[in-house]
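Below is one structure, written out as structure tokens, with a few remarks after it.
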Amino acid sequence: MKEQLVVQTLLRSKLAEAQIGNPRYSMRAFAQRLGFHAGTLSGILNGKRIVSRQVAEKIATRLFLD
């Protein structure tokens, strides 16, 4: 459960950072950058979708995280 919150917080902060640089940057564009459907990203951000280890690793790779 704690890992879910970490992923949600990370994704929200990365989306917010991108939107500071470009206020028109959408969640849909962010989802495409991550390789997800917008609905999948929305579910993750709203806590309605569980993030597996594989998905978490995909997110980390796409965001160039360790």
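These values consider heavy atoms only, across backbone and side chains, with no hydrogens, waters or symmetry-generated copies.
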For this session: Answer yes or no: does atom CG of L65 have more than 12 heavy-atom neighbours from other residues, nucleotides or ligands under 6.0 Å?
Result: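 Yes, enclosed.
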
Exercise. Who are the side-chain hydrogen bond (donor to acceptor under 3.5 Å, both in side chains) partners of S42, not counting sequence neighbours?
Worked result: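 Result, side-chain hydrogen bond (donor to acceptor under 3.5 Å, both in side chains) vs S42: N46.
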
Exercise. With a cutoff of under 4.5 Å between side-chain heavy atoms, which Ile, Leu, Val, Met, Phe, Trp and Tyr residues group with L5?
Worked result: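 Cluster partners of L5: none, it stands alone.
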
Problem set entry | Gap between atom CG of L11 and atom CD1 of I59 - 0.5 Å precision |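 If I round to the nearest 0.5 Å, the distance is 4.5 Å.
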
Problem set entry | Side chain proximity check, R12 to L45, heavy atoms < 4.5 angstrom |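 Answer yes - side chains close enough.
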
For this session: Only counting residues at least two apart or in another chain, list the ones meeting side chain to side chain contact (heavy atoms under 4.5 Å, CB included) with E3.
Result: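 Listed in chain order: nothing, the list is empty.
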
For this session: Give the intermediate values and the outcome of side-chain contact (heavy atoms from CB on, under 4.5 Å) for residues I50 and V55.
Result: CA-CA 9 Å; I50 296 174; V55 170; over 6 Å; no

Problem set entry | Least distance between heavy atoms, R62 atom then R33 atom |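 That closest heavy-atom pairing would be NH1-O, 3.6 Å.
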
Can I get a per-line list of side-chain donor-acceptor pairs under 3.5 Å for residues 13-30, giving both atom names and the distance, sequence neighbours left out?
from, atom 1, to, atom 2, distance (Å)
S13, OG, T9, O, 3.4
S13, OG, L10, O, 2.9
Q19, NE2, Y25, O, 3.0
N22, OD1, R24, N, 3.1
S26, OG, R28, N, 3.4
S26, OG, A29, N, 3.0

Problem set entry | Same apolar cluster: V6 and V51, side chain cutoff 4.5 Å |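 V6 does not cluster with V51.
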
For this session: Would you list the pairs meeting salt bridge (Lys or Arg N to Asp or Glu O under 4.0 Å) in which at least one residue belongs to residues 35-53, sequence neighbours left out?
Result: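 Counting only pairs at least two positions apart or across chains, the salt bridge (Lys or Arg N to Asp or Glu O under 4.0 Å) contacts touching residues 35-53 are R53-E57.
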
